[in-house]
Structure formats: C-alpha cells, structure tokens
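Worth saying up front: this structure is predicted, and the values here are computed from it rather than measured. In what follows, residues are counted from 1 in the order of the sequence shown.
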Amino acid sequence: MKTIGKLAKELAINSETIRYYEREGLIQQPKKPTRGYRLYSDSIAARIRFIGKAKALGFSLKEIKALISMDGNCQQVELMGLKKLAVIRRKIADLKQLEKVISEMTRKCHQNQNPSDCPIINSLK
C-alpha cells in the first residue's frame, strides 16, 4: 500500500494523473481513513500500468475504459482491436500519401533554377 505521491513516483507519472483517472472512473479512489492518507493497493498500480500500456498502443482513455469493462470478453476486445488496427492502417496510408507529396514537392524545389520562384510556396497558394 502506497500514498498517492509514492505511487506516482513509482509509476513515473504525476499524482494529478492518478486523480484524473479517478475522476474519469478508470480507477477507484481508496477510502480515506479518519487519520492519515489514502493508501493505494498493488491492484490500483497494476490498473494504472495497464492504462499506460494501452495509451502507448494508441487507445484513448474512453477506449481504455471500454477495454476495462470488457475484461473477460475476448471477442469484444478483439473487435475493438480490429477497429483500432483499421484506424492505424488508414493513418499509415495517409502518411505515405503525404510523404509522396512532400517528396515530390522538395524534388521540384531541388531542381528549381529560379530561387525567387519556389515550387513548394507556389503549390500552397
């Protein structure tokens, strides 16, 4: 059992992040004893680690809350994962198209002989 400050330090996050997760219903706030500080259990620490890993995979807090509620229903989790994968693939396709456009624009700029007439600037007008 740890205080919020010690837990935050252990997880390398801000204590306000923990409070935010409490307000958002991602973790449950421990009861405050009549004297002393709230103490956070190892299960709360594990939940916060889960949240951090899910965020690193690109899941929003809303999606993470849904994932938590789906614990034990792998089919629902799989569907959510497939939706997230589709979003990621669309973003990759968009980035590849953007890379192609920027690459072509800079190639034209490199080949340009007139320094006062920039192909990139002209394409943005």
Side-chain angles (χ1 to χ4, degrees):
M1 302 289 273
K2 299 169 187 79
T3 63
I4 193 169
K6 287 181 181 176
L7 180 62
K9 186 174 182 177
E10 175 186 307
L11 298 174
I13 61 173
N14 191 303
S15 59
E16 284 305 313
T17 302
I18 296 171
R19 289 187 183 100
Y20 181 72
Y21 292 165
E22 291 170 344
R23 286 191 304 272
E24 292 298 310
L26 292 162
I27 60 172
Q28 192 168 30
Q29 184 181 61
K31 294 191 187 300
K32 186 173 182 181
T34 52
R35 291 190 177 143
Y37 301 99
R38 296 181 203 282
L39 295 177
Y40 291 79
S41 67
D42 290 339
S43 64
I44 292 175
R47 171 70 61 89
I48 294 171
R49 282 188 201 91
F50 174 90
I51 294 166
K53 289 176 183 178
K55 283 176 58 180
L57 291 174
F59 288 98
S60 68
L61 290 181
K62 183 179 177 182
E63 290 168 328
I64 293 168
K65 193 172 186 178
L67 282 171
I68 291 167
S69 73
M70 293 176 197
D71 192 17
N73 191 334
C74 194
Q75 286 180 327
Q76 281 186 318
V77 174
E78 178 188 15
L79 286 174
M80 181 178 262
L82 289 170
K83 287 178 184 177
K84 180 56 75 177
L85 187 58
V87 168
I88 290 167
R89 287 179 173 155
R90 278 193 300 274
K91 286 180 181 180
I92 289 170
D94 290 347
L95 286 170
K96 285 182 178 180
Q97 181 61 32
L98 184 59
E99 177 188 35
K100 183 178 174 184
V101 169
I102 298 291
S103 178
E104 179 62 23
M105 290 170 75
T106 55
R107 185 188 61 75
K108 286 180 181 178
C109 205
H110 181 73
Q111 293 173 345
N112 182 30
Q113 299 297 318
N114 182 357
S116 64
D117 184 36
C118 178
I120 293 176
I121 297 295
N122 292 338
S123 71
L124 298 173
K125 291 182 179 179

- Is the NZ or CZ atom of K32 both under 6.0 Å from the centre of the six-membered ring of Y37 and within 45° of that ring's axis? no

- Item | Euclidean distance, I4 CD1 relative to R19 CZ, rounded to 0.5 Å | 4.0 Å

- Query: Passes side-chain contact (heavy atoms from CB on, under 4.5 Å), I51 versus Y21? Steps please.
  - Reply: CA-CA 9 Å; I51 294 166; Y21 292 165; 3.6 Å; yes

- When rounded to the nearest 0.5 angstrom, what is the spacing between OH in Y20 and CG in L26? 8.0 Å

Without placing hydrogens or testing angles, list every side-chain donor-acceptor pair under 3.5 Å for residues 89-105, not counting sequence neighbours.
| unit_1 | atom_1 | unit_2 | atom_2 | d |
| --- | --- | --- | --- | --- |
| E104 | OE1 | R107 | NE | 3.2 |
| E104 | OE1 | R107 | NH2 | 3.2 |
| E104 | OE2 | R107 | NH2 | 2.2 |

- Query: Do you know which two heavy atoms are closest between A66 and S69, and how far apart they sit?
  - Reply: O-OG, 2.7 Å

- Residue list, side chain to side chain donor-acceptor pair (under 3.5 Å) with D42, at least two apart or on another chain: K2

- Quick one: pull up CG in N73 and CE in M80 and give me the separation to the nearest 0.5 Å. 11.5 Å

- Task: Please answer: with hydrophobic residues joined when any side-chain heavy atoms are less than 4.5 Å apart, are I44 and L11 in the same cluster?
- Result: yes

- Message: Counting only heavy atoms from other residues, nucleotides and ligands, does the tally under 6.0 Å from CG of D71 exceed 12?
- Response: no

- Message: Quick one: does any side-chain atom of R38 pair with a main-chain N or O of P30 as donor and acceptor, under 3.5 Å?
- Response: yes

- Is there a chain of hydrophobic side chains (I, L, V, M, F, W, Y, each step under 4.5 Å between heavy atoms) that links L57 to L85? no

- Taking atom CD of E24 and atom NZ of K62, what is their separation to the nearest 0.5 Å? 11.5 Å

- Item | Main-chain N/O of S60 paired with K55 side-chain donor or acceptor, under 3.5 Å | no

- Message: Count I, L, V, M, F, W, Y as connected when their side-chain heavy atoms are under 4.5 Å apart, and connections chain through other members. Are V77 and L61 then in the same cluster?
- Response: yes

- Task: Please step through side-chain contact (heavy atoms from CB on, under 4.5 Å) for the pair L67 and Q76, ending with a clear verdict.
- Result: CA-CA 8 Å; L67 282 171; Q76 281 186 318; over 6 Å; no

- Does I48 belong to the same Ile/Leu/Val/Met/Phe/Trp/Tyr cluster as L39, with side-chain heavy atoms less than 4.5 Å apart forming each link? no

- Task: Might you confirm whether atom CD of Q75 has over 12 heavy atoms from other residues, nucleotides or ligands at distances under 6.0 Å?
- Result: no

- Query: Between C118 and C109, what is the shortest heavy-atom contact and its length?
  - Reply: SG-SG, 3.8 Å

- Would you give the length of the straight line joining atom OH of Y40 to atom CD of Q28, rounded to the nearest 0.5 angstrom? 11.0 Å

- Going by atom types alone, do D117 and N112 pair a side-chain donor with an acceptor below 3.5 Å? no

- Note on the structure: Rounded to the nearest 0.5 angstrom, the CD-NZ distance for E78 and K83 is 12.0 Å

- Message: Main chain of L7, side chain of E10: is a donor-acceptor contact present, judged purely on distance under 3.5 Å?
- Response: no

